[in-house]
Peer 1: 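Below is the structure I would like to discuss, written out as structure tokens.
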4 protein chains.
Amino acid sequence: MARTIGSHGPKTMEAIRKAGLRLIFEHGYAAMSLRQLAAEVGIQSGSLYNHISTKQELLFELIRDHINELLRQLDRALQGQERPADKLRAFTAFHVSYHMTRKREVFIANSELRSLEPKNYEEIVALRGAYERRLAEILSQGVAEGEFEVVDVQVATFAILALLTGLTTWYRPGGRLTKEAIVAAHEKLVLSSVAPGTTPNQAQAKRPLSRSAATSAKPERR
Amino acid sequence: MARTIGSHGPKTMEAIRKAGLRLIFEHGYAAMSLRQLAAEVGIQSGSLYNHISTKQELLFELIRDHINELLRQLDRALQGQERPADKLRAFTAFHVSYHMTRKREVFIANSELRSLEPKNYEEIVALRGAYERRLAEILSQGVAEGEFEVVDVQVATFAILALLTGLTTWYRPGGRLTKEAIVAAHEKLVLSSVAPGTTPNQAQAKRPLSRSAATSAKPERR
Amino acid sequence: MARTIGSHGPKTMEAIRKAGLRLIFEHGYAAMSLRQLAAEVGIQSGSLYNHISTKQELLFELIRDHINELLRQLDRALQGQERPADKLRAFTAFHVSYHMTRKREVFIANSELRSLEPKNYEEIVALRGAYERRLAEILSQGVAEGEFEVVDVQVATFAILALLTGLTTWYRPGGRLTKEAIVAAHEKLVLSSVAPGTTPNQAQAKRPLSRSAATSAKPERR
Amino acid sequence: MARTIGSHGPKTMEAIRKAGLRLIFEHGYAAMSLRQLAAEVGIQSGSLYNHISTKQELLFELIRDHINELLRQLDRALQGQERPADKLRAFTAFHVSYHMTRKREVFIANSELRSLEPKNYEEIVALRGAYERRLAEILSQGVAEGEFEVVDVQVATFAILALLTGLTTWYRPGGRLTKEAIVAAHEKLVLSSVAPGTTPNQAQAKRPLSRSAATSAKPERR
DNA sequence: GATGAATGAGCTTTCATTCAT
DNA sequence: GATGAATGAAAGCTCATTCAT
């Protein structure tokens, strides 16, 4: 990939983002050196600075742009859905599909938050919170309407997101299953997981879950 | 100067492991410097080498010891369970409980596999495969006995593991929920997720899933 | 900060080689630190790596380039000489002269072979063998034509080379003797040493010296 | 060799000297680590300090003891010889024989002088000077009596010593030649080298060689 | 006399970043 | 916009040496 010697202009920036995405995905932000990145792009490491301001900024922009796009597309995917189950199915289908085509962006946005400097971290976490809230609200609505049953909405939100995002660790194009099959498999799991039924045993929260606590607790960086 | 009075060998090793666990959990393996680690332990960085052979070896042993312990305890937790639902509940309860007390080990064992050198990586992935296989077999049995319904056992295995392991990214002792509540919340989600019901739409695998492909595919490092 | 004005690439490389030569000559390869070398050149130690790839590579190239040059010039010096005595005189004069102007290179090429990694060592020893073979052949020819008398050609070859190369341990420009006097002194010693005469006492080799054994024995790294 | 676990007392000291000799011979003083040495002896590196005071002191004593022994034995070997040729033959035979049985000591005493700290260096060089002077005096006497002819006594002294000492770089027991043959080969070379004959071309010293200049010049460390 | 664990300095090498050209 | 050469800090690791046990 890349390495088109002499590439310049916006093409170079694009190559940097692409290569950066791949290298961070494979080795992690801290383990990726700008020399590696530059070599991948086919330029000297000093030349990177004609396009990026710092390594940190590159990471930040990759993540921020990704989450913004994710949010934009999620809202489009949810449009027109009214009933909680439909919303949840749409959410799941969108999430899985998106993760299959952008697995590197998604993976990095989840795994490299700790590599962000505080200011950047805050900004990204706020955006991520918006995404999580979409799901939390779907679940809350479903519970309120009696369509869903969960022990705890907050836990269910995190669990379902983890379930769906786990995809990025094993999915690869051209595998055994079609994309549709993978989407279907996840829809089944997610929709069933919150379906009403015999709850194993009744557990109590130590404290009631206030609306804000549900999403803004942030006890530590995660 | 020689050794500070009162600091002993095994105690130092234990301090190194503990601090290493914390630092890798917080910053990642690549971003943790041995100087940091040594400072945390209260010795010079060169002194670490009286206890570890390399940074890589430290990571490897932390992960390997963790997975071995995990496997050992899992098998004990599953003892005596016969029906798939009971097994799955036991698996879930054990997994969640264990992850709450050893969240750093668990997190690292999942996130730092890519930091392992090939030989070490192979060894850990083999161990991890054993763990995954326990769950895959529970699901298979449940499906065969008509107790569970999943679109694809392999996908369900990965998804459920991801769901459960996601816990490590947000759990912290002293939070809003009791441990029991957290376990219960996950039991509900997991048991429901594979419960028979209306599968959204029928999807087909491109290829049938052979037994071995299910667990040994390893298309790329994950 | 960036580069100091006026310091250029090739000039820096040349300064590194020159300073490296001197430091290795004075302290030995293992005892020379790259910090020392960099300080000598007037740059930071990390900056060395814009010019060399490793410390080992620097040593290797210094030695290899030297031996290649030595061989090239030797062959020129021997051109036109027919009789063994003339060849031997030419060899001696060339060797001594060259060693007086390049004593550091010569010394290092002899004393630091053990510091070379196996692959580099093999390459250099092969080149050195070519040089030794020139002298061995001159002696053989002289013995065959009855002009020289030696107890053993192989021993004589090594001994004469050692005699000549010893120069590097004491020669310094501006000493008591002119270069010409030093050359003459060595010519006398070398030519006399193989002159026919009364051999002290007749000694026997345990085994006859095969042609190949003479030059390829290499019992151990030397 | 060595590694007799639990060896103690004078036996350990002897093992240290033996192993040190070998390691310095093979890798050089700077490149030999005390950990290596200790491992060879079968103890921990800290334990070395029950026997040596510093690494430098070990080197110094190895060299000093060697040269003292060399001088002692040389004087015994020269006893009873009157005529310069007989003395030179005896010197050569002794030197070669001794170098064959103690090649490591000899090699180190020549190659590691630069690794000695100034004070130690001075002491060793003084001893070495005594050894060189024996040969210089033999040559001077021979020249004075008309038995030898050399262009310059000083140069001849250094050259003959280099010739003889070169042995340590290639000799190994069990090689093609008997010890006697090797001695004979060197006797022929050395005695012939100073034999009167047609001096190639008459060269002049820039300055006459004063008695003291011949041996105490020491223009630089060599 | 040996050990094991420590020190503090030092090693070679890599890093992100800068900037004259 | 790219290069090549620089910086200064820091990396993982090794070193000779010390000393309580």
Side-chain angles (χ1 to χ4, degrees), chain A residues 5-9 11-13 30-38 41-56, chain B residues 1-13 30-38 42-56, chain C residues 1-13 30-38 42-56, chain D residues 5-9 11-13 30 32-38 41-56 58:
Chain A
I5 291 178
S7 75
H8 45 278
K11 240 179 274 180
T12 301
M13 185 63 223
M32 172 195 74
S33 84
L34 291 188
R35 276 165 169 76
Q36 254 183 297
L37 175 56
V41 172
I43 59 179
Q44 296 296 312
S45 60
S47 305
L48 289 173
Y49 288 83
N50 288 318
H51 305 276
I52 68 175
S53 58
T54 63
K55 188 188 179 190
Q56 168 73 203
Chain B
M1 202 203 316
R3 157 174 41 163
T4 313
I5 294 177
S7 100
H8 305 322
K11 239 180 270 183
T12 302
M13 183 66 226
M32 171 195 75
S33 85
L34 291 186
R35 277 166 167 80
Q36 251 183 300
L37 175 56
I43 58 179
Q44 295 295 312
S45 63
S47 303
L48 289 173
Y49 287 84
N50 288 319
H51 305 276
I52 67 173
S53 56
T54 62
K55 188 189 180 190
Q56 167 75 201
Chain C
M1 204 203 315
R3 153 175 46 160
T4 313
I5 294 176
S7 101
H8 303 321
K11 241 180 267 182
T12 301
M13 184 66 226
M32 172 195 76
S33 86
L34 292 187
R35 277 169 164 79
Q36 254 182 298
L37 175 56
I43 58 179
Q44 296 293 315
S45 61
S47 303
L48 289 174
Y49 287 81
N50 288 319
H51 305 277
I52 67 174
S53 56
T54 62
K55 188 189 180 189
Q56 167 75 199
Chain D
I5 291 178
S7 75
H8 45 280
K11 239 180 277 180
T12 301
M13 185 62 223
M32 172 195 76
S33 83
L34 291 187
R35 276 165 169 79
Q36 252 183 300
L37 174 57
V41 173
I43 58 179
Q44 295 297 312
S45 61
S47 306
L48 288 173
Y49 288 83
N50 289 320
H51 306 276
I52 68 174
S53 57
T54 63
K55 188 188 179 189
Q56 167 73 202
L58 173 62

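Within every chain, numbering begins at 1; the chains are lettered A, B, ... in the order of the sequence lines, protein sequences first and strands thereafter.
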Peer 1: Considering every strand and a 4.0 Å limit on heavy-atom distances, what is the contact class for C/Thr54: base, sugar-phosphate, or nothing?
Peer 2: sugar-phosphate
Peer 1: Should C/His51 be listed as having a side-chain N or O under 4.0 Å from OP1 or OP2 of F/dA6?
Peer 2: yes
Peer 1: From the set E/dT13, E/dA6, F/dA16, return the single nucleotide nearest to any side-chain atom of D/Tyr49.
Peer 2: F/dA16
Peer 1: More 5' along DNA chain E: C/Ala31 or A/Met32, using each one's nearest nucleotide?
Peer 2: C/Ala31
Peer 1: What residues form a side-chain contact (heavy atoms from CB on, under 4.5 Å) with A/Gln44, not counting sequence neighbours?
Peer 2: A/Ser47
Peer 1: So which one's nearest nucleotide on DNA chain F is more toward 5', B/Ser53 or D/Ile52?
Peer 2: B/Ser53
Peer 1: List the atom of B/Met32, the atom of B/Gln36, and the distance in Å for their closest heavy-atom pair.
Peer 2: CA-OE1, 3.5 Å
Peer 1: Write down the distance between CG (D/Leu48) and P (F/dC15), rounded to a whole number of angstrom.
Peer 2: 13 Å
Peer 1: By the 4.0 Å heavy-atom rule, please label A/Ser47 as base, sugar-phosphate, or nothing.
Peer 2: base
Peer 1: Looking only at the side chain of A/Asn50 (C-beta and beyond, no hydrogens), which of the listed nucleotides E/dA5, F/dT3, E/dT13 gets closest?
Peer 2: F/dT3
Peer 1: Taking the minimum atom-to-atom distance to the side chain of D/Ser33, which one of F/dC15, E/dG1, E/dA16 wins?
Peer 2: F/dC15
Peer 1: From CD of C/Gln36 over to P of E/dC11, roughly how many Å is that when rounded to an integer?
Peer 2: 7 Å
Peer 1: Given E/dA6, F/dA11, E/dA16, which nucleotide is nearest the side-chain atoms of A/Arg35?
Peer 2: E/dA16
Peer 1: Measuring from atom CG of A/Leu48 to atom CD1 of A/Ile43, what distance do you get when rounded to the nearest 0.5 angstrom?
Peer 2: 4.5 Å
Peer 1: Just compare F/dA2, E/dT13, F/dA6 and give me whichever is closest to any side-chain atom of A/Thr12.
Peer 2: F/dA2
Peer 1: Out of E/dT7, E/dT13, E/dA16, which has the shortest distance to the side chain of C/Leu34?
Peer 2: E/dT13
Peer 1: Just so I know, are the side chains of C/Lys55 and C/Leu37 near enough to count as touching, which here means a heavy-atom distance under 4.5 Å?
Peer 2: no
Peer 1: Would you kindly compare C/Gln44 and A/Gln44 by the position of their nearest DNA chain F nucleotide and give the one closer to the 5′ end?
Peer 2: A/Gln44
Peer 1: Taking all non-hydrogen atoms of both residues into account, name the closest pair between D/Leu34 and D/Ser45 and its distance.
Peer 2: O-CB, 4.0 Å
Peer 1: Could you check how far CE of B/Met13 sits from P of E/dA5, rounded to whole Å?
Peer 2: 11 Å
Peer 1: Measuring only between side-chain heavy atoms, which start at C-beta, is B/Met13 closer than 4.5 Å to B/Ile52?
Peer 2: yes
Peer 1: Give the nucleotide from the list F/dA16, E/dT17, E/dA6 with an atom nearest to the side chain of B/Ile43.
Peer 2: E/dA6
Peer 1: If a stem is a run of at least 3 consecutive Watson-Crick or G-U pairs, both distances under 3.5 Å, which stems include DNA chain E?
Peer 2: E:2-21 with F:2-21
Peer 1: Rounded to the nearest angstrom, tell me the gap between atom CD in B/Gln56 and atom P in F/dA11.
Peer 2: 18 Å
